[in-house]
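Both backbone and side-chain heavy atoms feed into the values below; hydrogens, waters and symmetry mates do not.
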Amino acid sequence: MPAQPRAADPSTRLVLDGVPRVGFYYDTQEREDTRARCPEDMPFPSCLRACLEYLGDGLGCHAIRQHNPRWGIGCGYAYLMGVTGIAFQLSWADGWHPDNAATWLIGNDPGEVFRRAFAAVGYETTGVTHGDLRRDGDDNDAIARQHIIQSIRDRGRPVIANGVIGPPEECLIAGYDEGGDVLIGWNFFQHHPDWSADLEFEPNGMFRKRHWFADTWSLMLIGDRTEQPDRKRVYREALEWDLDVMRTPTRMGRHNGIAAYDVWAEHLLRDEDFATDDLAALRDRFMTEHAAVSSVAEGRWYAAIFLAQAALDSGLNPSALYAAASCCAAESDLMMRVWGIVGGLGFEEREVRQLVDGEARRRIIPLVHEARDREAEAAEHIEKALSA
C-alpha cells in the first residue's frame, strides 16, 4: 500500500509521501533516488509508471528489482511505451517544430493514447481537457483546484497533468499548499532555465508552483482499479495499434510513422534553413531533429523490450516478434550513430552548430533511411505475428 498522506491541515496543505521522482535521464542520473533507473524521457509513460508504483501496483523494473507479482512484467515502462504506441512514434510537421514528439499526436484524437494506457493497466480514469478548463462562464481555476484537491486529499492519488511548468507535457501533481494556490510535484522541466525562475522547491526536490492555472492544459484523474485485463488480448490490441501508428502516413496534420522518415531526411537537405546566424532559429531546427532522434533512439529500444515481452506472454508467433524486436534495436543503434555525428546527446550551442554543417547532415541522411527500412521490416514481422 502507498504511504499515507501527511498534512497539518489537509484543507490547506497535503503532500503524498513517496510519489516517485520523474525526469529526463540527465537529471535523474544526478539524483540518488533515481540513479539506478534506465532512461525514461517520455513523460506520460514515466508518470503513469510512477503513479502505479505509488499505488502499490507497479508493473516491474529489472534495474531496481521492484514489481507487483500479479503483473509479471519485466519492464513496466517498456510495457506502457508499447501499449500506448509511444515506442513506435515518429511525427514530423512540415518545417521545424520541436513539439513533433508530443504524446497526444500519436492517436486519432488527443485522448486516445491516454485511454489505451489506463485500459491496459486496469484503471479507470477521468480526463479534464483543455476545453473543460477554459469553458466560458465557469470558475475554471476553482474547478481545476477542486479536482486536484479531491484526488489527493479524498482518494490519496496523484494527478497527471499536462503543463503546469514548461510545455504541455505530462507531469505529476503530488500535493498542494495554501489551499491549492501552490501545486507540488515532479515535472520534467522543473530545472530548465526557461521555466524554473519562478519556482520554489520542497526539501525533497519537488517543485512548488504558484499561478499554475494559466500553464495547465489538462488533468488526468486516476480512478478505481478494474478487473485485471486479459494479457493476451492487451498485447494483440496493442500490437494492432502499434502497426497502425507505424503505417499511417499522416496523423494530426503531420507526417507520421514510416512516412515521416523520408520527410525528416528531406529537411536535412535544406541548406538554406541553416544559412543563418540566428541562434534561436538554429536551435529550433536542432531541437526538431533532436526530438526525432530521441523518439527513435529511446522509443525503439523500449519497443524491442516490449516485443520480447509480447513474444513470451501474448500467445502470438514468438519468432516474428523477436525478429521485429531485433529491427527496433537496430534502429536505436542507428540513432546513437546520429548523435555521434553531432557530438553527443547534448543540446548546447556546440551541438547546435554541428548540425549547421551540411556535410554532417548528409552523413545523417543514410542512417535515417536505414532506420526507415528497419521500421518497415519490423512492421512486416508484427503483421506476420498477428496473422498467424
Side-chain angles (χ1 to χ4, degrees), residues 42-45 78-120 127 168-170 233-268 288-289 291-304 306-307 310 314 316 320-321 323-325 327-328 330-332 334-335 368-387:
M42 308 303 174
F44 174 60
Y79 180 77
L80 294 170
M81 290 280 283
V83 298
T84 57
I86 296 172
F88 299 91
Q89 179 184 22
L90 184 65
S91 298
W92 194 293
D94 289 322
W96 302 95
H97 304 275
D99 65 347
N100 283 331
T103 304
W104 58 269
L105 293 171
I106 298 173
N108 298 310
D109 68 74
E112 181 165 8
V113 64
F114 308 118
R115 292 193 297 271
R116 286 180 175 275
F118 281 97
E169 302 290 344
E170 295 76 28
R233 176 181 58 80
V234 169
Y235 275 118
R236 174 173 282 278
E237 291 179 355
L239 290 167
E240 289 172 347
W241 171 242
D242 295 335
L243 199 58
D244 184 70
V245 169
M246 299 162 81
R247 286 181 166 174
T248 301
T250 59
R251 189 93 84 192
M252 297 287 185
R254 304 184 188 222
H255 305 281
N256 181 75
I258 296 168
Y261 286 85
D262 285 332
V263 180
W264 175 4
E266 290 164 8
H267 278 67
L268 293 175
T288 301
E289 208 263 346
V293 178
S294 297
S295 290
V296 178
E298 181 170 316
R300 302 314 180 269
W301 175 253
Y302 285 107
F306 175 73
L307 290 163
S314 68
L316 300 171
L321 292 173
C327 292
C328 290
E331 283 192 76
S332 182
L334 288 165
M335 295 302 103
V368 173
H369 285 156
E370 188 175 349
R372 173 204 61 198
D373 295 344
R374 298 288 75 74
E375 183 90 343
E377 185 181 349
E380 291 173 1
H381 290 306
I382 292 172
E383 183 177 43
K384 181 180 178 180
L386 288 167
S387 62

Just how far is it from atom [atom1] of [X] to atom [atom2] of [Y], taken to the nearest 0.5 Å?
X	Y	atom1	atom2	answer
Leu386	Leu316	CG	CG	6.0 Å
Leu321	Tyr235	CG	OH	10.0 Å
Trp241	Thr248	CH2	OG1	7.0 Å
Arg233	Ser314	CZ	OG	14.0 Å
Leu239	Phe306	CG	CZ	5.0 Å
Arg374	Leu334	CZ	CG	8.0 Å

Can you tell if the side chain of [X] reaches within under 4.5 Å of the side chain of [Y], non-hydrogen atoms only?
X	Y	value
Tyr302	Ile86	no
Arg251	Val245	yes
Arg247	Glu383	yes
Leu90	Val296	yes
Asn256	Leu105	no
Val83	Arg116	no
Asn100	Trp264	no
Ser91	Met252	no

Which atom pair, heavy atoms only, marks the closest approach of [X] to [Y]?
X	Y	value
Cys328	Ala304	CB-N, 4.0 Å
Val234	Ala120	CG1-CB, 3.9 Å
Thr288	Pro98	OG1-N, 3.2 Å
Ala297	Ser332	O-OG, 2.7 Å
Met81	Pro45	SD-CG, 3.6 Å
Thr84	Ala117	CG2-CB, 3.5 Å

- Item | Carboxylate-amine/guanidinium proximity below 4.0 Å for Arg115 and Glu112 | no
- State plainly whether the residues Arg300 and Glu375 are in salt-bridge range, i.e. N to O under 4.0 Å. yes
- Which one of His369, Glu331, Glu266 satisfies the side-chain hydrogen bond (donor to acceptor under 3.5 Å, both in side chains) criterion with Tyr261? Glu331
- Query: Around Trp301, counting heavy atoms of other residues, nucleotides and ligands shown, do more than 12 lie under 6.0 Å from its CH2?
  - Reply: no
- Note on the structure: Only residue of His97, His255, His267 satisfying ring pair (Phe, Tyr, Trp, His ring centres under 6.0 Å) with Trp92 is His267
- Task: Report the relative orientation of the aromatic rings in Phe118 and Phe44; use parallel for angles under 30°, tilted for 30 to 60°, perpendicular for over 60°.
- Result: tilted
- Could I get the full list of side chain to side chain contact (heavy atoms under 4.5 Å, CB included) partners for Pro168, not counting sequence neighbours? Trp217
- With sequence neighbours left out, what residues match Arg372 under side chain to side chain donor-acceptor pair (under 3.5 Å)? Asp262
